[in-house]
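See below for the structure under consideration.
Below, each value reflects all heavy atoms present in this structure, side chains not excepted, and no hydrogens, waters or symmetry copies. The first residue in the sequence is number 1, and the count goes up from there.
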Amino acid sequence: MEELQFFNVFNYCFVSPTYLHFEHQTGRYIFRSRNVCWNVTLLTVTVASSLVSAIIIIVDLQDKLDNVMGATTIIHHAMRLLVLVPLILWALVYSRKLVNDCTIALRIVQEKRTLLHRTPDRRNVFKLFWLQISIIAVVLFLGLVIQSATVWQIERLRQFHYIYNLWAFAFLGFVTRMHLMLAQCWALFIGHHVEELVWLLEVDQSPAMLKQVITLWDDLQYFKQRIVSTFGIINVLHTLDAMLTCAVDTYTTFYVYELGLGLRGAFLNLVTMFLYAGTFYAFAYAHDLLQSKFLQSI
């Protein structure tokens, strides 16, 4: 169950409303909703306060921002709201559906374990997942520290709402990256199980094994359709968010550099641009890999 227990980390990252529990009374695993209200409340307060601080900053600096820079700043914050508001609603509306989806995944894992004499080593996969999460968290924190120190040196920006906006914006960016990674991990989960079913048929082609593999294959197809239905709209918004964020942060980096603040002045923008590009590439690669595995197994 290690592969499904890994998904609990996304509950701690304010993204997934599901959590895999082990019931000692019954001796079995079960998915339940967990921290839904807390996560939704925290994200709602952060988004609202970040919006207020952004409005204050735009009004306060309107004499310093040219038309293009002002427009890109508004687009940046508007895009963040366009993604996070549906994401907050997603956690509420799809909470029960996601629990049911995860229960199907749990059943697939349990049924497959009865067929496998050994399981392909997945420790390297989990190490890559943890490495990706660690890179996102560490790089964002480093960008925040450098950007905050730079902003604090400018007397006009030495105010609470400027620093708060930086930290809130980075925190919300971390949440959106974790949600994108959640969808990426489910795609890799399905892909690994397709791989294992192909391996099962290679080592045992008996009629009994063929029947069981076909049943699990149908379950995987059904699970894939449910995951697509659950994440479909949000993934489209993530795609738009990645494109606009990379474009806006690229322009902001050049703009701040030309103002004489150097790369330190736009370090957080630079970090965000690379993180969004990198995580979206990993997300797209995972889904492309899943599609190729399905085609190869047919």
Side-chain angles (χ1 to χ4, degrees), residues 13-15 37-92 136-180 237-238 240-242 244-257 259 261-276:
C13 292
F14 316 104
V15 171
C37 293
W38 161 247
N39 291 348
V40 167
T41 302
L42 176 64
L43 290 179
T44 302
V45 171
T46 307
V47 168
S49 56
S50 175
L51 177 62
V52 171
S53 65
I55 293 173
I56 295 174
I57 291 173
I58 291 173
V59 172
D60 190 29
L61 294 180
Q62 59 181 340
D63 59 321
K64 296 295 183 181
L65 298 177
D66 59 21
N67 291 334
V68 178
M69 190 59 202
T72 55
T73 303
I74 294 172
I75 290 172
H76 210 173
H77 286 84
M79 193 64 235
R80 185 65 69 249
L81 289 176
L82 185 60
V83 173
L84 280 161
V85 171
L87 197 152
I88 293 171
L89 295 175
W90 176 88
L92 286 172
I136 293 173
V138 170
V139 172
L140 268 179
F141 180 76
L142 178 64
L144 271 173
V145 171
I146 295 176
Q147 189 82 28
S148 299
T150 305
V151 168
W152 196 256
Q153 294 174 1
I154 304 173
E155 187 174 352
R156 184 174 181 178
L157 304 183
R158 201 177 297 167
Q159 300 181 44
F160 171 77
H161 55 271
Y162 286 100
I163 302 299
Y164 175 79
N165 184 262
L166 282 176
W167 286 81
F169 202 73
F171 169 71
L172 295 176
F174 173 77
V175 171
T176 59
R177 294 307 85 201
M178 288 298 101
H179 191 276
L180 190 68
L237 291 176
H238 279 310
L240 180 61
D241 184 31
L244 281 178
T245 299
C246 289
V248 169
D249 281 330
T250 301
Y251 175 80
T252 303
T253 300
F254 283 111
Y255 179 85
V256 173
Y257 184 81
L259 286 179
L261 297 176
L263 290 180
R264 283 188 61 189
F267 191 76
L268 185 58
N269 298 97
L270 201 60
V271 162
T272 304
M273 180 186 66
F274 282 114
L275 281 181
Y276 269 70

*Name the one of Leu42, Leu87, Leu84 that satisfies side chain to side chain contact (heavy atoms under 4.5 Å, CB included) with Val47?*
Leu84
*With Arg80 as reference, evaluate Val85, Leu244, Leu172 under the side chain to side chain contact (heavy atoms under 4.5 Å, CB included) test and give the passing residue.*
Leu172
Within this structure, what is the [atom1]-[atom2] distance for the pair [X] and [Y], rounded to the nearest 0.5 Å?
X	Y	atom1	atom2	answer
Thr272	Phe174	OG1	CZ	13.0 Å
Leu240	Leu82	CG	CG	6.5 Å
Leu237	Leu180	CG	CG	11.5 Å
Phe169	Leu51	CZ	CG	11.0 Å
Ile163	Ser148	CD1	OG	4.5 Å
Asn269	Tyr255	CG	OH	12.5 Å

*Cut-off 3.5 Å, side chains only: do Thr245 and Asp249 have a donor facing an acceptor?*
no
_Any donor-acceptor N or O pair under 3.5 Å, side chains Tyr164, Ser50_ = no
For [X] versus [Y], what's the shortest heavy-atom pair and its separation?
X	Y	result
Cys246	Tyr276	SG-CB, 4.2 Å
Val83	Pro86	O-CD, 3.3 Å
Ala170	Leu144	CB-CD1, 3.4 Å
Val40	Thr44	O-OG1, 2.6 Å
Val139	Val271	CG1-CG1, 3.1 Å

*asked:* Taking the six-membered ring for Trp, are Phe14 and Phe171 closer than 6.0 Å centroid to centroid?
replied: yes
_Quick one: does any side-chain atom of Ser49 pair with a main-chain N or O of Thr46 as donor and acceptor, under 3.5 Å?_
yes
*Specify whether His238 and His179 have parallel, tilted or perpendicular ring planes, treating 30° as the upper limit for parallel and 60° as the lower limit for perpendicular.*
tilted
*Phe267 side chain reached by Thr253 side chain, heavy atoms, under 4.5 Å*: no
*What's the verdict on side-chain hydrogen bond (donor to acceptor under 3.5 Å, both in side chains) for Ser53 and Tyr162, showing C-alpha distance, side-chain angles and the deciding distance?*
CA-CA 7 Å; Ser53 65; Tyr162 286 100; over 6 Å; no
